[in-house]
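Down below is the structure, laid out as structure tokens.
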2 protein chains.
Amino acid sequence: MGIEIKITLNEGLYLKDPQDSVLGRNIIKHSILLLSDLGFEDFNFKKLSLEIGSTESSIYRYFENKHLVLIYLVSWYWEWVAYLIRINTLNINDPKRKLEIIINCFVSASFENPSIDYLDKSKLHSVIIAEGIKVYRTKDVDEEDGKGFFRNYKQLIKTVAGVISEINPTFEYPYVLASNLFEMSNNHIYFAKHLPRLTDISVNGNNVDEVETMLNYFADKLLTSAFRLQ
Amino acid sequence: MGIEIKITLNEGLYLKDPQDSVLGRNIIKHSILLLSDLGFEDFNFKKLSLEIGSTESSIYRYFENKHLVLIYLVSWYWEWVAYLIRINTLNINDPKRKLEIIINCFVSASFENPSIDYLDKSKLHSVIIAEGIKVYRTKDVDEEDGKGFFRNYKQLIKTVAGVISEINPTFEYPYVLASNLFEMSNNHIYFAKHLPRLTDISVNGNNVDEVETMLNYFADKLLTSAFRLQ
DNA sequence: TATTTATGATAGGTTTACTATCATAAATAA
DNA sequence: TTATTTATGATAGTAAACCTATCATAAATA
């Protein structure tokens with residue numbers, strides 16, 4: 001009933017699509033909860049199966065290993081952010097305004113509707129902030145990139161870089177800025193919480209306004225000509 | 001004979017100072033080589049002991065686990081970069097010039113003298129680029145921060161933030177910029193090698209000039225008033 | 001010469017990661 | 001309807017990773 005969103009991901013990520021069964025959706029749901037509680041290193045399929053009330057072998061029928069579960073979740077998040085950007089920038093022509101919307105999606109993708117019952121987007125966002133970088137910082141990065149596992153991240157960054165180039169066609173680093181805005185968003189939310197001496201930002205509860213303001217300031221400073229009066 | 005450099009690190013990182021014995025120095029040396037070859041996930045004390053011609057139990061007398069070895073190496077690197085910045089900015093008064101020197105240290109800390117036989121700084125730099133972020137992206141971050149394991153990183157960032165504030169005392173995000181320049185340096189060297197569609201930079205062999213130019217451009221754009229003619 | 005210290009050798013225990021097999025209930029096809 | 005396929009659970013088991021403990025011995029120090 002109502003509108004249903006189904007995000008499709010690279011088929012190489014799973015052995016069996018977890019979105020198609022109760023057990024599969026439970027794997028996704030409790031992976032997010034457990035990853036958020038334990039962190040990636042202490043998370044494993046044994047604990048996950050106990051949480052779900054299933055067995056290790058059943059989970060292995062969906063995912064080869066926990067690393068692929070993480071890539072699956074992160075890919076889902078990337079697609080979700082790309083979707084949010086798409087619908088929120090519809091009918092917006094000013095690229096500066098578009099970039100502001102993009103930045104808003106980066107910092108608070110978790111607080112948007114519509115909701116999907118088996119996927120707590122707020123918890124997913126904290127998993128991305130704490131663990132997201134681990135998907136591509138491994139020895140297998142080249143092999144996994146070859147399988148297209150990071151294609152949707154690259155697509156997301158390409159979209160953002162396009163908007164950046166619209167704002168300032170002479171700017172030489174649209175991809176650097178695009179990927180950096182995304183990484184900074186996650187980094188400084190993390191720093192604010194765990195290593196506050198590495199940032200000027202503070203985050204109170206779920207209030208990430210300071211991060212948003214900061215990213216807008218950085219983007220504006222970098223893209224606005226030094227000669228323009230503001 | 002000659003000048004010897006000894007970097008002292010937080011004593012909580014090790015059970016026994018690896019710099020004080022042949023075996024200890026071998027642990028450091030071969031940890032760097034193995035981490036660079038295998039990555040953190042596939043690295044373990046069994047493989048390390050075989051490489052050295054020692055035993056697992058002997059290595060456990062120096063470090064509690066491989067995560068602490070990584071923190072040890074990363075801390076050593078942070079101290080080393082701080083040292084390089086200190087000596088290379090001696091007698092330099094212009095803070096803009098100081099920041100240029102800092103950026104140069106960030107991107108190419110591996111190619112400076114003097115050399116320490118048991119520590120391949122070029123290999124260490126690639127370990128930092130690929131694995132460095134893993135030291136503080138774990139569930140134990142708060143506990144380990146409480147033990148002071150990240151104090152020298154925070155000190156390094158504080159120094160850089162100080163120079164940034166010298167350049168522009170009204171700039172609101174000195175710590176964000178300082179930590180971001182460091183992280184961007186490692187990130188984009190990594191991207192250039194493994195995920196080139198996330199950056200505009202290319203790195204040929206050990207030539208990181210483009211990264212250096214990019215970081216200088218970002219810093220300059222952010223810190224120079226919009227009204228100043230350049 | 002006696003004692004402490006560092007290392008190696010060896011063993012073992014626990015957990016993690018993963019594979020395989022079989023039983024059964026549910027869904028689907030004939 | 002009955003037959004068959006499919007999904008899951010139950011159970012077992014292996015190899016490696018992670019970590020601790022004990023003992024022997026050689027080197028360094030008292």
Q. Where does DNA chain D form stems of at least three consecutive Watson-Crick or G-U wobble pairs, each pair having both distances below 3.5 Å?
A.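 Only these stems qualify: C:1-30 with D:1-30.
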Sugar-phosphate only, base, or nothing, as touched by [X] at under 4.0 Å among non-hydrogen atoms:
X: A:Ser21; answer: sugar-phosphate
X: B:Ser54; answer: sugar-phosphate
X: A:Lys66; answer: sugar-phosphate

Nearest-angstrom distance from the residue atom [atom1] of [X] to [atom2] of [N]:
X: B:Leu15; N: D:dT20; atom1: CG; atom2: C1'; answer: 13 Å
X: A:Ile59; N: D:dA7; atom1: CD1; atom2: P; answer: 16 Å
X: A:Tyr60; N: D:dT11; atom1: OH; atom2: C1'; answer: 16 Å
X: A:Lys47; N: C:dC18; atom1: NZ; atom2: P; answer: 15 Å
X: B:Phe45; N: C:dA9; atom1: CZ; atom2: P; answer: 18 Å
X: A:His67; N: C:dC18; atom1: NE2; atom2: C1'; answer: 17 Å
X: B:Phe63; N: D:dC19; atom1: CZ; atom2: P; answer: 14 Å
X: B:Leu48; N: D:dC18; atom1: CG; atom2: C1'; answer: 14 Å

Closest nucleotide among [options] to the [X] side chain:
X: A:Thr55; options: C:dT10, D:dC18, D:dA10; answer: D:dA10
X: A:Leu23; options: C:dA9, D:dC18, D:dG9; answer: D:dG9
X: A:Asn44; options: D:dT11, C:dT16, D:dA21; answer: C:dT16
X: B:Ser58; options: D:dG9, C:dT7, C:dA9; answer: C:dT7
X: B:Tyr62; options: C:dT7, D:dA17, D:dC19; answer: C:dT7
X: B:Arg61; options: C:dA9, C:dT16, D:dC18; answer: C:dA9

If you take the centroid of each ring, where Trp contributes its six-membered ring, are B:Phe106 and B:Phe182 closer together than 6.0 Å?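 They qualify: ring centres under 6.0 Å apart.
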Check whether the ring centres of B:Trp80 and B:Tyr77 lie less than 6.0 Å apart, and answer yes or no.
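Aromatic pair excluded; centres sit 6.0 Å or further apart.
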**Request:** Verify whether one side chain among B:Tyr118 and B:Gln19 offers a donor that lies under 3.5 Å from an acceptor in the other.
**Result:**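 Their side chains do contain a donor-acceptor pair, which is all the 3.5 Å distance test asks for.
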Is it the case that the side chains of B:His194 and A:Asp145 hold a donor-acceptor pair, with the cut-off being a distance below 3.5 Å and no angle test?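 Side chains of A:Asp145 and B:His194: no pair found under 3.5 Å.
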- request: I would like to know whether A:Lys147 and A:Glu143 meet salt bridge (charged side-chain N to carboxylate O under 4.0 Å, His left out); could you show each step before the answer?
  value: CA-CA 7 Å; A:Lys147 292 179 186 162; A:Glu143 191 193 329; 3.5 Å; yes
Check: Could you walk me through whether A:Lys134 and A:Glu41 pass the salt bridge (charged side-chain N to carboxylate O under 4.0 Å, His left out) check?
Finding: CA-CA 10 Å; A:Lys134 294 172 190 169; A:Glu41 286 73 21; 3.2 Å; yes
Ring of A:Tyr175, cation from A:Lys158 - is the NZ or CZ under 6.0 Å from the centre and inside 45° of the axis?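 Pair A:Lys158/A:Tyr175 does not count as cation-pi.
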Point to revise | Cationic tip of B:Lys16 above B:Tyr62 ring, under 6.0 Å, 45° of axis | key: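 That pair qualifies as a cation-pi contact.
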Does D:dC19 have OP1 or OP2 under 4.0 Å away from a side-chain N or O of B:Lys46?
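It does not, given that no N or O in the side chain of B:Lys46 lies less than 4.0 Å from OP1 or OP2 of D:dC19.
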